[in-house]
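Worksheet: one structure, shown below.
What you are looking at is a predicted structure, and each value in this text was computed from that prediction instead of being measured.
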Amino acid sequence: MTDWIKWLTGSAKPALAPQKSEGEVRLDGDTVIYTARKGYRETVIDLTQLQYVYVYTTENCQTLVLNDYHQHLIPCSAAGFALLFQHLSQRLAFDEKKFSEALAGNKAVKAELWRAKGFDNCRIPDLSDDEAQLSHELSEGFWVCAETRHWISWDTTSEALAALPFVHQTTNEYGLTEIRFHHPVQLGNLLLDDWRYYLPAHLRLDVPLDSFYTNLRIQGNGDQNYFLAKKALMQTLGKSIEGYEREDQNNCQWLFHGLKFSLVYWYDDKYSYESGYTYLSVQNERSYPNYLIDQHYELNATISKRLLIEHTFRIGSDFRRSRYFRQTPQTIVKELIASSKNFMIWLDEPNGKAGFANKENAMIFPIAALTGFSLQNVLPDRSSGGTYLSAILKEDDPQSILIGDCRAFDPYITQTAELLQLPVHELDPYEA
């Protein structure tokens with residue numbers, strides 16, 4: 001038994017033992033409960049979901065880091081820490097010597113004591129003879145390897161994917177909604193057992209697929225996952241367009257027929273802990289004109305009243321988040337060019353529309369759907385700040401309209417309200 005463990009159990013007290021208690025920690029079956037101070041919210045840690053345990057020390061603190069998909073720091077001085085450490089040491093059989101040495105030294109230390117065994121969820125079969133075919137298929141979609149293989153195009157909508165019989169919707173380890181597959185998925189020359197589709201609430205379901213990911217393991221924990229996956233993807237995607245391999249992180253990306261493929265592996269450093277897995281993601285960045293151009297309105301748009309603005313604003317949404325997002329109609333583009341202005345707000349009375357646009361993109365609403373607008377200014381502090389205008393609708397979520405510099409929209413509040421005959425509510429500014 002190390003000196004530190006003897007101190008924890010009361011049989012000895014080394015010179016570096018902490019002198020004051022920082023909260024209380026206790027065990028309840030497979031749960032660790034930590035309270036920093038009386039009356040503070042409790043931190044609950046699920047030991048059955050534990051991913052790794054580290055000891056982390058600085059000149060001012062000595063802590064045990066537990067990760068159950070969420071990061072928790074338990075001070076070694078917390079009341080009840082001795083019983084917790086003994087339980088974890090027996091349960092996980094981690095390195096007590098490394099723990100003791102970390103606490104005995106007078107320097108900053110981040111040392112891994114234990115990591116959960118990673119189960120392989122990816123295989124790389126030898127498909128080198130079919131590289132051209134694999135590359136072509138990957139540009140179009142991927143296979144679900146059920147008893148009868150099923151093809152998924154990148155152009156499939158989210159609602160169509162969710163309706164398939166071999167998927168289910170669930171909540172992941174971080175409380176986020178996603179779709180998972182009952183069978184392995186073939187992505188180029190990778191066979192994946194844990195392919196996930198991210199399904200945030202703010203995305204439209206009636207537009208093409210957006211973002212997939214997996215926490216990839218090929219031979220257990222370690223950065224070999226990154227290098228093996230990178231080599232395999234290069235066979236179908238070619239050379240990566242950018243990336244780096246540093247002491248803190250490995251990262252590479254490909255742009256492939258409008259799809260963005262990314263691999264990331266994290267190492268221990270000042271701000272992060274080694275991941276053990278490689279994060280593989282695919283982002284669909286293709287343009288879909290059918291969702292951007294309203295042909296009827298493109299041909300019939302009129303301008304009853306307008307407000308031309310010299311200041312530059314960017315549209316705060318996109319077609320995946322809002323059905324009101326459009327490519328700016330040519331009628332509006334021509335008006336902006338002719339006036340040498342950068343932004344325009346207009347009322348189209350014959351079509352019952354109100355619009356906000358720069359030369360590229362617009363948010364166009366039925367007037368009858370609007371109840372007003374809200375304006376939020378974020379004052380510069382740690383960030384550069386900004387201004388955010390949103391539309392408030394009768395039967396829909398608020399829609400982000402524009403983003404610009406802090407206070408940049410203030411001069412146009414009254415004019416906008418008068419033009420559209422709708423109130424603009426100014427929210428209290430805050431710093432960020």
Task: salt bridge (charged side-chain N to carboxylate O under 4.0 Å, His left out) partners for Glu140, two or more places apart - done: none
TODO: Could I get the full list of side chain to side chain donor-acceptor pair (under 3.5 Å) partners for Asp206, not counting sequence neighbours?
DONE: Arg204
Open item on the list: Any non-hydrogen side-chain atom of Leu393 less than 4.5 Å from a side-chain atom of Pro398?
Closed with: no
- [ ] Indicate whether any N or O donor in one side chain lies under 3.5 Å from an N or O acceptor in the other, for Glu245 and Tyr226.
- [x] yes
Open item on the list: Ignoring hydrogens and geometry beyond distance, is a side-chain donor-acceptor pair present between Asn60 and Thr58 at under 3.5 Å?
Closed with: no
TODO: Compute both the distance and the angle, then confirm whether Lys110 meets the cation-pi test with Tyr273: under 6.0 Å from the six-membered ring centre, within 45 degrees of the axis.
DONE: yes
Open item on the list: Under the rule for ring pair (Phe, Tyr, Trp, His ring centres under 6.0 Å), what residues qualify as partners of Tyr198, not counting sequence neighbours?
Closed with: none
Open item on the list: Check Arg91 with Asp30, please: is the shortest side-chain N to carboxylate O separation under 4.0 Å?
Closed with: yes
TODO: Among Leu88, Val55, Leu92, find the residue that satisfies the side chain to side chain contact (heavy atoms under 4.5 Å, CB included) test when tested with Leu113.
DONE: Val55
Task: For Arg180, all residues meeting side chain to side chain donor-acceptor pair (under 3.5 Å), sequence neighbours excluded - done: Glu178
- [ ] For this output row, return yes or no: ring centroids of Phe166 and His150 closer than 6.0 angstrom.
- [x] yes
Open item on the list: Main chain of Gly404, side chain of Thr387: is a donor-acceptor contact present, judged purely on distance under 3.5 Å?
Closed with: no
- [ ] Could you walk me through whether Asp120 and Arg217 pass the salt bridge (charged side-chain N to carboxylate O under 4.0 Å, His left out) test, one step at a time?
- [x] CA-CA 5 Å; Asp120 293 353; Arg217 288 186 173 91; over 6 Å; no
Open item on the list: I'd like to check the side chain to side chain donor-acceptor pair (under 3.5 Å) partners of Gln51; sequence neighbours left out, ordered by chain and number.
Closed with: Tyr69
Task: Non-neighbouring partners of Asp397 that pass salt bridge (charged side-chain N to carboxylate O under 4.0 Å, His left out), sequence neighbours left out - done: none
Open item on the list: Contact between Asn221 and Tyr52 at the side-chain level, heavy atoms closer than 4.5 Å - yes or no?
Closed with: no
TODO: Measure the acute angle between the ring planes of Phe365 and Tyr324, then classify it against the limits of 30° and 60° as parallel, tilted or perpendicular.
DONE: tilted
- [ ] Output all residues satisfying side chain to side chain donor-acceptor pair (under 3.5 Å) with Ser89, sequence neighbours left out; order by chain, then residue number.
- [x] Glu96
- [ ] Tell me, please, which residues at least two apart from Phe325 pass ring pair (Phe, Tyr, Trp, His ring centres under 6.0 Å).
- [x] none
Open item on the list: So which atom in Ile179 and which in Ser158 form the shortest heavy-atom distance, rounded to 0.1 Å?
Closed with: CD1-O, 4.5 Å
TODO: Would you please classify the geometry between the His168 ring and the His182 ring as parallel, tilted or perpendicular, with 30° and 60° separating the classes?
DONE: parallel
Task: Donor-acceptor pair between Gln224 and Tyr265 side chains, under 3.5 angstrom - done: no
Open item on the list: Run the salt bridge (charged side-chain N to carboxylate O under 4.0 Å, His left out) test against Asp223 and tell me which residues pass, sequence neighbours left out.
Closed with: none
Task: Phe142 and Phe212 aromatic ring geometry - parallel, tilted or perpendicular at 30°/60° bounds - done: perpendicular
Task: Polar contact flag, side-chain donor to acceptor under 3.5 angstrom, Asp410-Asn377 - done: yes
- [ ] Could you tell me whether the side chains of Asp28 and Thr31 share a donor-acceptor contact shorter than 3.5 Å?
- [x] no
Task: Residue list, ring pair (Phe, Tyr, Trp, His ring centres under 6.0 Å) with His72, at least two apart or on another chain - done: none
TODO: Salt-bridge test for Arg196 and Glu173: reply yes if a basic N is under 4.0 Å from a carboxylate O, no otherwise.
DONE: yes
Open item on the list: Salt bridge check, Arg26 against Glu42: does any charged N sit closer than 4.0 Å to a carboxylate O?
Closed with: yes
Open item on the list: Regarding Arg115 and Tyr54, do their side chains bring together a donor and an acceptor under 3.5 Å, going by distance alone?
Closed with: yes
Open item on the list: Is any side-chain heavy atom of Val25 closer than 4.5 Å to one of Val32?
Closed with: yes
Task: Within-4.5 Å side-chain heavy-atom neighbours: Ser374 and Ile392 - done: yes
Task: Partner set under ring pair (Phe, Tyr, Trp, His ring centres under 6.0 Å) for Tyr34, not counting sequence neighbours - done: none
Open item on the list: If you define the side chain from C-beta out and look only at heavy atoms, does anything of Arg123 sit under 4.5 Å from Asp193?
Closed with: yes
Open item on the list: Please enumerate all residues that pass salt bridge (charged side-chain N to carboxylate O under 4.0 Å, His left out) together with Arg246, with sequence neighbours excluded.
Closed with: Asp248
Open item on the list: Within the 3.5 Å criterion, strictly below it, is a donor on Gln90 or Gln86 matched to an acceptor on the partner's side chain?
Closed with: no
Task: Side-chain donor-acceptor contact under 3.5 Å, Tyr288 with Asp155 - done: yes
Open item on the list: Ignoring hydrogens and geometry beyond distance, is a side-chain donor-acceptor pair present between Arg321 and Gln399 at under 3.5 Å?
Closed with: no
- [ ] Please state whether the rings of His311 and Phe313 are parallel, tilted or perpendicular, taking 30° and 60° as the class boundaries.
- [x] tilted
TODO: Provide the closest heavy-atom pair for Tyr291 versus Pro208 in the form atom of the first, atom of the second, distance.
DONE: CE1-CD, 3.5 Å
Task: Check: Thr328 side chain, Glu360 main-chain N or O, donor-acceptor pair, under 3.5 Å - done: yes
Open item on the list: Can you confirm whether Met344 sits close enough to Ile309 that some side-chain heavy atom of one is under 4.5 Å from a side-chain heavy atom of the other?
Closed with: no
